[in-house]
Amino acid sequence: MLPLSYYQNEDVLFLARDLLGKKLTTQFNNEVTAALITETEAYVGETDKASHAYGGRRTRRTEVMYRAGGVSYVYLCYGMHNMFNIVTGASGVPHAILIRGVKLVEGMEIAMRRTGKELKKDEKINGPGNVTKSMGISREHNGLSLTGEIIYLEKTRMIIPPEEIIVSARIGVSYAGNDALLPYRFRLK
DNA sequence: GCCTGGATCCAT
DNA sequence: TGGATCCAGGCC
């Protein structure tokens with residue numbers, strides 16, 4: 001399991017890239033799903049106009065972003081989609097990484113039941129709303145430690161050469177002005 | 001209090 | 001391209 005120290009790295013862009021290929025597991029109600037991370041986006045603390053914590057905004061919703069790295073930040077978007085983020089960095093620094101895509105390696109049947117959709121072997125799950133739906137993550141899991149038993153990450157044998165990673169601008173953040181153009185989205189080819 | 005719009009998804 | 005669907009955040 002990835003230790004707390006992993007998440008407390010101050011370099012959120014490094015972590016967003018490094019999380020590609022890591023294995024994310026959820027287990028509750030006797031149901032286990034596990035998936036390799038294929039797409040992430042970094043949200044850089046208080047200085048990033050696309051971040052919920054931009055300008056030091058500190059509210060009930062964003063409070064968990066200010067905790068020390070290694071906890072989850074789950075919020076509702078568009079009234080219907082749960083978004084799963086990994087909080088990183090030191091306490092007081094609201095960095096977060098949104099998980100936008102995964103590839104399931106365990107619990108395909110469970111994921112299909114949760115989403116009501118067919119899923120072929122090795123098929124990627126794209127879109128943050130689809131990731132949480134497939135893996136059963138919801139706002140109940142907000143603020144949960146990622147070194148516990150319910151949601152955790154592990155290293156894998158995967159070695160990802162730089163040319164396998166597509167770096168681009170983030171999705172759906174046009175309100176963020178020039179920060180919308182920053183190359184903070186990372187995905188596997 | 002009320003109003004606006006969103007780190008989306010899917011069918012059209 | 002728009003409808004679903006609802007809450008957080010900002011402003012009154």
Side-chain angles (χ1 to χ4, degrees), chain A residues 7 11-20 22 24 26 33 35 37-67 69-89 93-104 110-120 123-144 146 151 153 165-188:
Chain A
Y7 300 100
D11 188 345
V12 64
L13 294 174
F14 166 82
L15 284 177
R17 184 187 287 260
D18 196 66
L19 281 168
L20 295 174
K22 295 287 187 290
L24 169 67
T26 68
T33 48
I37 294 173
T38 60
E39 182 176 342
T40 63
E41 278 178 1
Y43 288 83
V44 187
E46 304 183 336
T47 59
D48 178 357
K49 290 198 189 79
S51 166
H52 291 163
Y54 173 63
R57 194 162 53 213
R58 201 157 177 157
T59 63
R60 198 158 69 250
R61 183 174 66 151
T62 62
E63 193 55 38
V64 67
M65 296 179 77
Y66 288 85
R67 289 172 59 182
V71 296
S72 66
Y73 170 41
V74 185
Y75 67 90
L76 187 69
C77 189
Y78 293 102
M80 56 183 71
H81 299 293
N82 289 293
M83 309 287 256
F84 172 61
N85 296 252
I86 293 174
V87 172
T88 72
V93 181
H95 291 327
I97 298 167
L98 173 65
I99 305 303
R100 293 190 59 89
V102 298
K103 190 168 85 174
L104 276 183
I110 296 166
M112 286 193 277
R113 199 200 63 235
R114 284 174 179 154
T115 60
K117 281 185 287 193
E118 281 300 309
L119 195 59
K120 296 186 186 70
E123 183 179 335
K124 270 197 228 171
I125 296 170
N126 293 311
N130 293 325
V131 169
T132 55
K133 197 165 188 188
S134 303
M135 302 197 72
I137 298 172
S138 69
R139 278 170 302 158
E140 306 161 36
H141 303 113
N142 187 40
L144 198 64
L146 299 177
I151 304 179
L153 286 88
I165 300 177
I166 301 169
V167 182
S168 62
R170 293 171 294 184
I171 300 295
V173 294
S174 53
Y175 61 86
N178 16 334
D179 285 359
L181 304 175
L182 294 169
Y184 289 175
R185 180 187 184 203
F186 304 93
R187 64 198 142 121
L188 293 180

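Hydrogens, waters and symmetry mates play no part in the numbers below; they use all other heavy atoms, side chains included. Reminder, nothing fancy here: chain letters follow the sequence lines and each chain counts from 1.
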Nucleotide-resolved protein contact map, nucleotides 1-12 of chain C, B/S/- at heavy-atom distance under 4.0 Å
---BBBSSSS--
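Stem analysis of DNA chain B (at least three stacked-register Watson-Crick or G-U pairs, each with both distances under 3.5 Å) gives B:1-6 with C:6-11, B:8-11 with C:1-4.
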What pairs of donor and acceptor atoms, side-chain ones from residues 95-104 of chain A against any protein atom, are under 3.5 angstrom apart with sequence neighbours left out?
unit_1	atom_1	unit_2	atom_2	d
His95(A)	ND1	Gly45(A)	N	3.1
Arg100(A)	NE	Glu39(A)	OE2	2.9

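For the pair His52(A) and Pro94(A), the minimum side-chain heavy-atom distance is 4.5 Å or more. Taking the side chain as every heavy atom from C-beta outward, Tyr54(A) and Asp48(A) never approach each other to under 4.5 Å.
A side-chain N or O of Thr33(A) and one of Thr26(A) form a donor-acceptor pair less than 3.5 Å apart.
The side chain to side chain donor-acceptor pair (under 3.5 Å) check on His81(A) picks up nothing, with sequence neighbours excluded. For Asp18(A), the salt bridge (Lys or Arg N to Asp or Glu O under 4.0 Å) partners two or more places apart in sequence, or in a different chain, are Lys22(A). Judged as a salt bridge (Lys or Arg N to Asp or Glu O under 4.0 Å), and not counting sequence neighbours, Arg57(A) has no contacts.
Using a 4.0 Å heavy-atom criterion, one finds that Asn85(A) contacts the bases of the nucleic acid, with or without backbone contacts as well.
Taking the ring centre of Tyr73(A) as origin, the terminal cationic atom of Arg67(A) falls outside the region bounded by 6.0 Å and 45° from the ring axis.
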